[in-house]
Every structure is written in C-alpha cells, then in structure tokens.
Amino acid sequence: MDRTAHCAHPGCPGTVAAVLGYDYSNRTAWLDRPSVEGGWALCDQHADNMHVPLGWALVDRRKPTLYVAAS
C-alpha cells in the first residue's frame, strides 16, 4: 500500500498508518500494517481510536507480539 495515500475517513488528510479488515461471520475486525493489501486505509489517529460494534472483537496486528519461551 502506498504510504502517501490518505486516510479513508471522510475529510481526513492523514497519511495511511494502518489497514482495517473485517470478517462479518466471525464478528472480528483487525488492524494491519499498511503493507497489507485490501481493507480500508486509516491514519494513526483513526486506527488508534477504532471502535467495533458490541459483540465484535478488534485485533491490532500492527505491533509485533513477543513470545517468551518457558524455562
């Protein structure tokens, strides 16, 4: 995705920082890094303030998850 593109939120001139995707059947929405194709492009402000409908899950996949190995 082109980082010079603008946020899909109406009237927002912000540059793309995340991509919003969703799956209606599983009631799940997710935010990915801008490198992921498809979905709705969002700026940092709109991605960070994203809310989903009651009963839905929002998964933020923009940040890496750290796994600590058990000793």
Side-chain angles (χ1 to χ4, degrees):
M1 173 164 288
D2 182 7
R3 278 196 60 87
T4 61
H6 293 289
C7 180
H9 195 276
C12 181
T15 57
V16 175
V19 175
L20 171 67
Y22 47 88
D23 178 358
Y24 282 113
S25 63
N26 289 316
R27 296 183 186 170
T28 303
W30 55 87
L31 294 166
D32 277 312
R33 292 182 191 95
S35 60
V36 175
E37 294 296 322
W40 294 91
L42 297 174
C43 67
D44 271 327
Q45 178 184 358
H46 288 113
D48 291 343
N49 293 310
M50 174 60 56
H51 297 283
V52 295
L54 188 62
W56 281 55
L58 176 62
V59 180
D60 191 344
R61 303 189 302 201
R62 295 176 292 165
K63 300 167 187 84
T65 303
L66 296 176
Y67 293 97
V68 178
S71 356

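Here the closest non-hydrogen pair linking Ala17 and Asp44 is CB-OD1, 3.2 Å. The heavy-atom pair separating Val16 from Cys7 by the smallest distance is CG2-N, 4.5 Å. Between Ala47 and Leu31, the closest heavy-atom pair is O-CD1, 3.5 Å. When all heavy atoms of Arg62 and Arg33 are compared, the pair lying nearest together is O-NE, 3.2 Å. Closest heavy-atom contact between Asn49 and His51: O-CD2, 3.1 Å.
The same ILVMFWY cluster, assembled from side-chain heavy atoms under 4.5 Å apart, contains both Leu58 and Trp40.
In summary, of the residues considered (Leu20, Val52, Val59), a side chain to side chain contact (heavy atoms under 4.5 Å, CB included) with Trp30 occurs for Val59 alone.
Note on ring orientation: taking the six-membered ring where Trp is involved, the planes of Trp56 and Tyr24 are perpendicular (angle over 60°, cut-offs 30° and 60°).
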